[in-house]
Amino acid sequence: MHAAGPRPRPRLATATRTQVTLGRALPVLVMVLVVVADLVTPDSERVDRLLFTVPALAATTWSVYGTIGMGFVAAGLRALLVVGRGEPGAEELLASEGLILGITAASAWVSAVRTRYEQDLAEVTAVADVVQRVVLRPPPPRLGPVELHLLYVAAAAKARIGGDFYEAVQIPGAVRIMLGDVQGKGLGAVETASVLLGAFRSTAYDAPDLPALADRLDEGLARYAAWDPESDAAERFATVVLVELPDGCDTARLLNCGHPAPLLQHGTEITTVEVADPSLPLNLAGLADSRHQVEEFPFGPGDRLLLYTDGVSETRDRAGVFYPLEERARQWAGAPSEQVPELLHQDLAAYGAGGLDDDVAALLVVRAGGPAAPEDPR
């Protein structure tokens with residue numbers, strides 16, 4: 001599992017490689033089948049016709065030159081089989097060979113088009129990887145006395161980034177963490193998430209407290225919307241949870257802007273960290289007085305805090321029942337912290353009726369014992 005950044009899809013990659021391997025082997029298997037049929041079947045003329053499919057099959061996975069080579073091998077093989085059986089005349093043989101070569105030419109064109117699209121996709125994927133590292137960079141595994149274990153899965157196929165976002169920084173005297181979820185999906189949600197990430201990174205170090213930080217995040221969205229009123233970010237809101245973990249103090253502070261309540265584990269006890277009067281989501285705070293309430297609670301060595309987005313809590317099974325996150329968290333209370341995100345991902349994928357159809361972000365925050373690690377250099 002990739003516990004320190006946006007999670008790639010290794011199972012999908014493995015399945016794709018397997019499909020490509022089978023696709024490359026299929027035209028060869030067809031030719032082997034025809035030869036075997038010619039040896040064991042007296043009347044194998046009908047089986048010979050399978051050779052016409054060889055270049056078309058090769059075009060799905062082989063290169064242009066590989067497809068052309070497969071076509072010529074199929075044409076030569078059919079000529080040898082037909083001549084060896086003393087079948088038909090020269091004109092009919094030339095016609096059938098011409099047909100195979102014609103299919104080969106068309107298949108080579110298809111292979112060229114496919115290869116070009118694959119190259120374009122590889123370039124776009126490379127750009128997405130760079131954007132991921134810049135916009136949604138992996139959090140460090142440890143900031144001072146705080147360990148961070150991440151699960152991130154974008155809902156869009158092949159995507160690296162979605163509308164869920166996270167960040168963690170170490171400031172003098174504390175660690176500050178943000179996890180949030182932008183309304184909607186697609187590039188507009190990614191744009192809004194990038195604005196909030198930029199605002200957090202620029203203000204988390206000097207905001208005097210969490211309420212001030214939440215106000216500055218809201219101001220960042222408002223300024224961006226004023227700068228580009230046609231942007232989707234001007235219309236979208238985001239739910240956010242902000243956490244502050246002071247150094248040398250076994251407490252945590254939490255401010256919730258309309259986000260799902262985190263789960264707190266102390267020993268084997270799992271509780272929900274509710275805020276009596278949660279704030280409005282960001283970009284909606286202008287509808288009311290922005291008076292933020294901060295919840296402070298004990299958070300000592302070994303305690304764990306699970307922050308997550310609604311892609312986790314709102315996953316449904318075939319009967320429409322929401323994912324029982326708190327129940328599952330109790331089952332994993334004794335599991336090593338670094339394994340919890342992978343356990344959550346596997347369980348969510350198995351529980352969802354259609355797999356994971358929404359962005360998923362979950363960040364397990366652990367107050368570790370022992371000496372503090374060096375400060376985050378970012």
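All values below were derived from every heavy atom in this structure, side-chain atoms included, with hydrogens, water molecules and symmetry-related copies excluded. For reference, positions follow the sequence shown, starting with 1.
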Original post:
Roughly how far, to the nearest 0.5 Å, is the CD atom of Gln183 from the CZ atom of Phe237?
Top reply: 4.5 Å

Subject >> Co-membership, hydrophobic cluster, residues Leu77 and Leu50, 4.5 Å side-chain >> reply: yes

**OP:** Ignoring hydrogens and angles, tell me if any N or O in the side chain of Arg114 forms a donor-acceptor pair with the backbone of Ala59 under 3.5 Å.
**Re:** yes

Original post:
Got a sec, which residues hit side-chain contact (heavy atoms from CB on, under 4.5 Å) with Phe297, two or more places apart in sequence or on another chain?
Top reply: Ala252, Leu254, Leu264, Val273, Glu295, Phe299, Leu305

Original post:
Between the side chains of Arg304 and Ser337, does any donor sit under 3.5 Å from an acceptor?
Top reply: yes

Original post:
Between the side chain of Ser279 and the main-chain N/O of Cys257, is any donor-acceptor distance below 3.5 Å?
Top reply: no

Subject >> Minimum side-chain heavy-atom gap Leu344-Trp332 below 4.5 Å >> reply: yes

**OP:** Mind running side chain to side chain donor-acceptor pair (under 3.5 Å) on His292 and Asp215 for me, showing each step along the way?
**Re:** CA-CA 9 Å; His292 303 292; Asp215 285 339; 2.8 Å; yes

Original post:
Would you call Arg328-Asp347 a salt bridge at under 4.0 Å N-O?
Top reply: yes

**OP:** Please name the residue in the list Leu242, Val240, Asp310, Leu179 that meets the side-chain contact (heavy atoms from CB on, under 4.5 Å) test with His259.
**Re:** Leu179

Original post:
Quick one: does Trp62's side chain have a donor or acceptor within less than 3.5 Å of a partner on Arg24's backbone?
Top reply: yes

Original post:
Can any side-chain N or O of Asp317 pair as donor or acceptor with the backbone N or O of Val321 at less than 3.5 Å?
Top reply: yes

Original post:
Should Arg216 and Asp206 count as an ion pair when the cut-off is N to O under 4.0 Å?
Top reply: yes

Subject >> Pair Asp181-Thr239, side chain to side chain donor-acceptor pair (under 3.5 Å): steps then yes or no >> reply: CA-CA 5 Å; Asp181 182 7; Thr239 65; 4.9 Å; no

Subject >> Pair Glu342-Gln346, side-chain donor/acceptor within less than 3.5 Å >> reply: yes

Subject >> Shared hydrophobic cluster for Trp227 and Val182 (ILVMFWY, side-chain gaps under 4.5 Å) >> reply: yes

Original post:
Does Thr251 reach the main-chain N or O of Pro298 with its side chain, forming a donor-acceptor pair under 3.5 Å?
Top reply: no

Subject >> Backbone of His266 reached by a side-chain donor or acceptor of Asp303 within 3.5 Å >> reply: no

**OP:** Determine whether Leu263 and Tyr351 fall in the same hydrophobic cluster, where Ile, Leu, Val, Met, Phe, Trp and Tyr are linked whenever their side-chain heavy atoms lie under 4.5 Å apart.
**Re:** yes

**OP:** Output yes when a side-chain donor or acceptor of Arg176 lies under 3.5 Å from a complementary backbone atom of Glu244, and no otherwise.
**Re:** no

